[in-house]
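Because the structure is a prediction, the values reported are computed rather than measured. As the structure lists them, so they are numbered: ligands from 1, and atoms in each ligand from 1.
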Amino acid sequence: MRFIGLAAAAALALAGCSDTNDNAGGSRSALASEGVTDALIAAGNGDEWLTYGGDYDERRFSPLDQINDGNVAQLGLAWSADLDTARGQEATPLMHDGTLYITTAWSMVKAYDAKTGALKWAYDPQVPRSKLVEVCCDAVNRGVALYGDKVYVATLDGRLVALDQDTGSVVWDKLTIPEGSQMAITGAPRIAKGMVLIGSAGAEYFTRGYLAAFDAQTGEELWRFHTVPGDPSKPQEAKHLDAAVKTWSGDFWKRGGGGTVWDSITYDPTTDLVYFGTANAEPWNPAHRNTDGAGDSLYTASIVAVRPDTGEYVWHFQETPEDRWDFDSNQQITVTELSIGGKQRRVVMHAPKNGFFYVLDAQSGKFISGKPFVDGINWASGLDPVTGKPNVNPEAKYEITGKPFVGVPGAVGAHSWTPMSYSPLTGLVYIPTNNTPQYYMGDPDWEPGETGFQLGLDVSGGDIPADKAVRDATKAALNGALVAFDPVAGKIRWKVEQSSPTNGGTLATAGNLVFQGTSTGQFKAFTADTGQELWSFPTQTGVLAAPMTYAIDGEQYVAVLVGWGGVWDVSAGKLGGGITPNVSRLLVFKLGASGKLPPLKATPELVLDPPAPSGSPQQIALGQKLYANSCSVCHGISAVAGSLNPDLRHSSTLGKKDLWQQVVHDGILAENGMVAWNKQFSREQIEAIRLYVLKRANEDKALEKGSGKAT
Ligand SMILES: O=C(O)c1cc(C(=O)O)c2c(n1)C(=O)C(=O)c1cc(C(=O)O)[nH]c1-2
Ligand SMILES: [Ca+2]
């Protein structure tokens, strides 16, 4: 059994080196000497899957090859587990010692017998549902970390919780975001040298990004690295911020700054550095951020390297200087050795939202190459071959032109958090890519608010009218592709086109396979070298999460979480195409199994039947602007929702003026996630929003009567 032998040998080889990882710095407790150890994580990718990205290098490559391109057609469902939450599922399961650990939406944790699927324990951190209004992109969570005898989960309401691996009971529970802030956590914690690393989400809100390190045993905070400066009239917390202050202007610090660390964190034992990606600058519109002149807004939209022992700055590379398009650089960071110009180099590989694939020197951060991994990029004509700085298209600077800009990529990103994988056998990176053009338009009259999205834009001009031809054309223009990218040549080697965006993360294996789920509800296997589809399984729901693989008693399994949601469902809604119902499950496959899912319950077709429209054109125009800039991020562009959040065109409150006020102004549904909006909006404005939605519902009703379904 080659696949088991490889992993065991690697684990043994590394076990002997574990003391070299030891570190006396800080007040950290001892490194784990049993259970999940540093050496086990470093060995990675064998029978167990011990960290979010599969190994420290975050390659998501498995040496297991029992399931391979010759027999994957016999892959079948070994077991499945229904989940008790119906929102987007984004976690990668971890497997240790025969137990599979997952998180679900609302940051709940479950532990299963990895062979039989029997539930061992479940933990619910009881995240208040009202938190939903402070997260941009659904109540998602991307997974746990394992270390020693503990499981770590970071919760949507900002806590880091340590659980006992055997029982799921809480060992410690610590608030990590500033109290009362609009930050959240969606990412998976990572382990480095006895520490748990986690940042936060929220760069669409009033937030100041950071990465923090906690003692794995006690939860004590050891360091916190702020990604953007604070009040420049006061001393900054660290030297790297003195340099950053010069790239901001005016009263930026009163407006947040953004740069959150919401997904990628990679610890590389070889360089002994921690790399992480930072989010967009906030507010998005630089005219409302750097209020007294332009600036790059460091360290937003960047990769930053710090020393794990101290959190001290080592290097940074800003991928999108002066971001204005929500080009987060939070996508997974993969470290590997590549042969470049005849020399072996340790590199960092990155496919951020902005559409360019970056290869940087892992030790110094020096730019090596940056080539497009998608077609049609129009915000920049390319990157400077020496510095890697983008040549920005002047038309993309909407705050200067005063005109709308339809950008490619859009804010969803050419690639986002859905993980890519890298096979050292093919030398290819497998990237789930998106094509989602986006309407950007500055709003010169915008003022920062206390709560809600802080973008400084007016995107109401991007409404999609009730015209079947326009709707069909919009959907056709939105799609995705699985791209196999050669990081040395900077070229796409093969590509599988997909009819809609935000498809699942990928897994590459030594069996010459790449696994990926799709937004339209299929879980597929392709040959890693050529991209030929060999196998597919209907998942009954869209797949966002990345698969992983493990082996027990000589049998290889592939596991994936399914359940549609995330940013595309909540914001693009049905107009984005590829919307499937949410059926949240954990699916586990092995060769020769033939399990079946229960038949999908039919979802009733709702017929649009709103009360008659009313209101003045002025009221409706105001409502359109407010809806587009504040409500559409959850209830869908042009008031056409996806499958998770209420479709207001069907709301029974639409014809009931007072009830609408009770919901939107007074917050009677706060427990369900619809908090009061009385700080942002007056009663008149809330009424204007109702009149706009009423008009939209009537237009769509007419469209459906005339030319059939248009969404
Ligand atoms: O700036 C941020 O802090 C932040 C956080 C998150 C998140 O934590 O989920 C997303 C984004 N931005 C974002 O821009 C984005 O497109 C996105 C998609 C998703 C998702 O889970 O589907 N999250 C996020
Ligand atoms: Ca963002």
Side-chain angles (χ1 to χ4, degrees), residues 87-92 103-107 131-132 134-143 154-158 177 181-188 198-211 227-228 256-265 276-284 297 300-302 319-320 323-332 352-354 409-419 432 434 436 438 453-455 457 480 501-505 519 542-546 561 563-572 576 582 633-634 642 644-645:
R87 298 200 75 93
Q89 307 302 338
E90 297 192 351
T92 303
T103 63
T104 70
W106 296 115
S107 335
K131 188 71 192 174
L132 197 57
E134 291 176 354
V135 292
C136 67
C137 311
D138 195 5
V140 296
N141 187 281
R142 303 196 182 90
T155 68
L156 199 67
D157 56 352
I177 60 172
S181 79
Q182 293 179 73
M183 289 187 167
I185 307 182
T186 60
I198 193 68
S200 76
E204 271 67 68
Y205 300 82
F206 187 96
T207 53
R208 181 179 178 211
Y210 66 85
L211 176 71
T227 61
V228 300
T260 48
V261 183
W262 58 268
D263 191 43
S264 56
I265 308 167
F276 57 92
T278 63
N280 58 285
E282 181 262 321
W284 289 9
S297 298
T300 63
S302 304
E319 294 173 327
T320 310
D323 170 55
R324 50 175 68 67
W325 311 278
D326 188 29
F327 283 169
D328 307 66
S329 284
N330 300 76
Q331 297 61 36
Q332 150 207 355
K353 276 189 180 180
N354 79 14
V412 163
H415 170 232
S416 190
W417 68 271
T418 52
N434 305 309
T436 58
Q438 169 128 1
F453 262 35
Q454 304 292 313
L455 308 187
L457 301 185
T502 70
N503 296 285
S519 57
V543 187
L544 298 162
L561 276 171
W564 182 243
V567 70
W568 196 239
D569 180 85
V570 299
S571 62
N582 180 293
V633 292
C634 291
L644 296 189
N645 292 329

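With respect to the Ca ion (ligand 2), Asp326 has OD1 as its nearest N, O or S atom. The Ca ion (ligand 2) sits nearest to atom OD2 when only the N, O or S atoms of Asp328 are considered.
Taken to the nearest 0.5 Å, the CG atom of Leu156 stands 11.5 Å off from the OG atom of Ser200. In this structure, the separation between OG1 on Thr260 and CG on Asn330 is 5.5 Å, given to the nearest 0.5 Å. To the nearest 0.5 Å, atoms CG (Leu561) and CD (Glu90) are separated by 10.5 Å.
Between Trp568 and Asn434, the side chains place no donor N or O within less than 3.5 Å of an acceptor N or O (distance only, hydrogens not considered).
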Could you go through ligand 1 and list every pair where one of its N or O atoms sits under 3.5 Å from a protein N or O, giving the atom names and the distance to one decimal?
residue  : atom   : partner : partner atom : Å
ligand 1 : 1 (O)  : Ala203  : N            : 3.4
ligand 1 : 1 (O)  : Glu204  : OE1          : 3.3
ligand 1 : 1 (O)  : Asn280  : OD1          : 3.0
ligand 1 : 1 (O)  : Asp328  : OD2          : 3.1
ligand 1 : 3 (O)  : Gly202  : N            : 2.7
ligand 1 : 3 (O)  : Ala203  : N            : 2.8
ligand 1 : 3 (O)  : Thr260  : OG1          : 2.7
ligand 1 : 8 (O)  : Thr186  : OG1          : 2.7
ligand 1 : 9 (O)  : Arg142  : NH2          : 3.0
ligand 1 : 12 (N) : Glu204  : OE1          : 3.1
ligand 1 : 12 (N) : Trp262  : NE1          : 3.4
ligand 1 : 12 (N) : Asp328  : OD2          : 3.4
ligand 1 : 14 (O) : Asp326  : OD2          : 3.1
ligand 1 : 14 (O) : Asp328  : OD1          : 3.1
ligand 1 : 14 (O) : Lys353  : NZ           : 2.7
ligand 1 : 16 (O) : Lys353  : NZ           : 3.0
ligand 1 : 21 (O) : Glu90   : OE1          : 3.0
ligand 1 : 21 (O) : Glu90   : OE2          : 2.8
ligand 1 : 21 (O) : Arg142  : NH2          : 3.1
ligand 1 : 21 (O) : Trp417  : NE1          : 3.4
ligand 1 : 22 (O) : Glu90   : OE2          : 3.3
ligand 1 : 22 (O) : Trp417  : NE1          : 3.2
ligand 1 : 22 (O) : Val567  : N            : 3.0

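Between the side chain of Thr278 and the main chain of Ala301, a donor-acceptor pair closer than 3.5 Å is present.
Angle OE2 (Glu204) to the Ca ion (ligand 2) to OD1 (Asn280): 70°, rounded to 10°.
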After noting the C-alpha distance and the side-chain angles of Gln89 and Thr104, does the key distance pass the side-chain contact (heavy atoms from CB on, under 4.5 Å) rule?
CA-CA 6 Å; Gln89 307 302 338; Thr104 70; 3.5 Å; yes
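Using a 4.0 Å cut-off between a side-chain N of Lys or Arg and a carboxylate O of Asp or Glu, Asp138 and Arg87 qualify as a salt bridge.
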